Amino acid sequence: MDDKQLKLDERYLRMAAVWAENSYCKRRQVGALLIKNKMIISDGYNGTPSGFENICEDENDKTKPYVLHAEANAITKIAKSHNSSDGATLYVTSSPCIECAKLIIQAGIRRVVFSENYHLNDGIELLHRAKIDVVQIKDKG
């Protein structure tokens, strides 16, 4: 990867981190940006579905089962628009889980750049199997 691409990747990851601040989740805030032709075509952060209360955790501090991941929010948002994610790059602050990895593959996303590791690695393994370019850039901060 050349220096120019690395700098661009780092900037988009910082933007995804800022976008994560929109999440109402207390345990973990995750942000995602979909980029195509150097344009942001979609964004997302983890949270409850539209119309639900903005409370992600139950009384035992466990994430509610219907909370959407940032990647899923960005992908479903693009699906409602007139844009296409085919060939796009997904920047996300946490590595995708297996469910999000399946959505990434089906959405035609060709590259995933993330900073933090999710507690499971099966999503990354599936993306590799699908020949999607996966890059981890750890936060310098």
Side-chain angles (χ1 to χ4, degrees), residues 1-2 4-141:
M1 176 184 345
D2 66 16
K4 185 176 179 181
Q5 184 62 56
L6 177 62
K7 284 186 186 330
L8 207 55
D9 287 346
E10 289 171 340
R11 287 181 186 123
Y12 282 130
L13 274 177
R14 284 196 308 270
M15 290 170 70
V18 169
W19 204 245
E21 295 172 13
N22 288 314
S23 173
Y24 286 89
C25 296
K26 294 177 185 169
R27 292 180 61 226
R28 184 176 193 157
Q29 294 178 310
V30 180
L33 293 177
L34 261 175
I35 309 295
K36 188 172 177 179
N37 300 324
K38 296 185 181 177
M39 291 187 307
I40 299 171
I41 59 169
S42 189
D43 55 61
Y45 51 88
N46 57 324
T48 56
S50 298
F52 281 63
E53 73 289 345
N54 288 320
I55 301 169
C56 298
E57 294 83 14
D58 64 18
E59 60 279 350
N60 298 315
D61 203 35
K62 297 282 186 212
T63 300
K64 293 179 180 177
Y66 53 85
V67 167
L68 291 158
H69 288 187
E71 307 94 315
N73 265 327
I75 291 168
T76 55
K77 192 173 181 180
I78 194 83
K80 288 170 64 175
S81 75
H82 296 290
N83 284 322
S84 168
S85 57
D86 195 38
T89 297
L90 176 70
Y91 292 88
V92 61
T93 57
S94 180
S95 61
C97 70
I98 192 135
E99 293 301 318
C100 289
K102 291 189 277 187
L103 291 174
I104 289 164
I105 294 164
Q106 290 301 99
I109 295 166
R110 300 307 316 145
R111 188 166 180 260
V112 174
V113 181
F114 71 96
S115 50
E116 299 172 8
N117 285 310
Y118 187 62
H119 64 92
L120 298 172
N121 204 33
D122 51 359
I124 293 296
E125 291 169 8
L126 187 64
L127 293 174
H128 283 302
R129 187 171 170 198
K131 308 239 183 308
I132 291 175
D133 185 23
V134 178
V135 178
Q136 182 175 21
I137 299 174
K138 297 199 182 221
D139 187 11
K140 295 177 185 177

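A quick note: this is a predicted structure, and the numbers were derived from the prediction, not measured.
- Between the side chain of Thr93 and the main chain of Gly31, a donor-acceptor pair closer than 3.5 Å is present.
- Each side chain to side chain donor-acceptor pair (under 3.5 Å) pair with one or both residues in residues 127-136, not counting sequence neighbours, appears once here: Arg111-Asp133.
- Residues that satisfy the side-chain contact (heavy atoms from CB on, under 4.5 Å) test with Tyr45, not counting sequence neighbours, are Trp19, Asn22, Ser23.
- Taking the side-chain contact (heavy atoms from CB on, under 4.5 Å) definition, one finds that Ile55 meets it with Glu53, Lys64, sequence neighbours left out.
- Take Lys4 and apply the side-chain contact (heavy atoms from CB on, under 4.5 Å) test, not counting sequence neighbours, and it matches Asp2.
- Applying the disulfide (SG to SG under 2.5 Å) test to residues at least two apart or on different chains, none of the pairs has a partner in residues 81-120.
- The side-chain contact (heavy atoms from CB on, under 4.5 Å) check on Ser94 picks up Arg28, Val30, Tyr118, with sequence neighbours excluded.
- Gln5 meets the side chain to side chain donor-acceptor pair (under 3.5 Å) test with Asp9; sequence neighbours excluded.
- The disulfide (SG to SG under 2.5 Å) test applied to Cys25 returns Cys56, not counting sequence neighbours.
- Judged as a salt bridge (Lys or Arg N to Asp or Glu O under 4.0 Å), and not counting sequence neighbours, the contacts of Lys102 are Glu99.
- For residues 15-27, no pair satisfies salt bridge (charged side-chain N to carboxylate O under 4.0 Å, His left out), with sequence neighbours left out.
- Counting all heavy atoms, side chain and backbone alike, Ala16 lies closest to Leu33 at N-CD1, 3.9 Å.
- Shown here are the ring-ring contact (aromatic ring centres under 6.0 Å, His included) partners of Tyr24, two or more places apart in sequence or in another chain: there are none.
- Under the 3.5 Å distance criterion, the side-chain polar atoms of Asn37 are left unmatched by any main-chain donor or acceptor of Met39.
- Under the side chain to side chain donor-acceptor pair (under 3.5 Å) criterion, Lys36 pairs with no residue, sequence neighbours left out.
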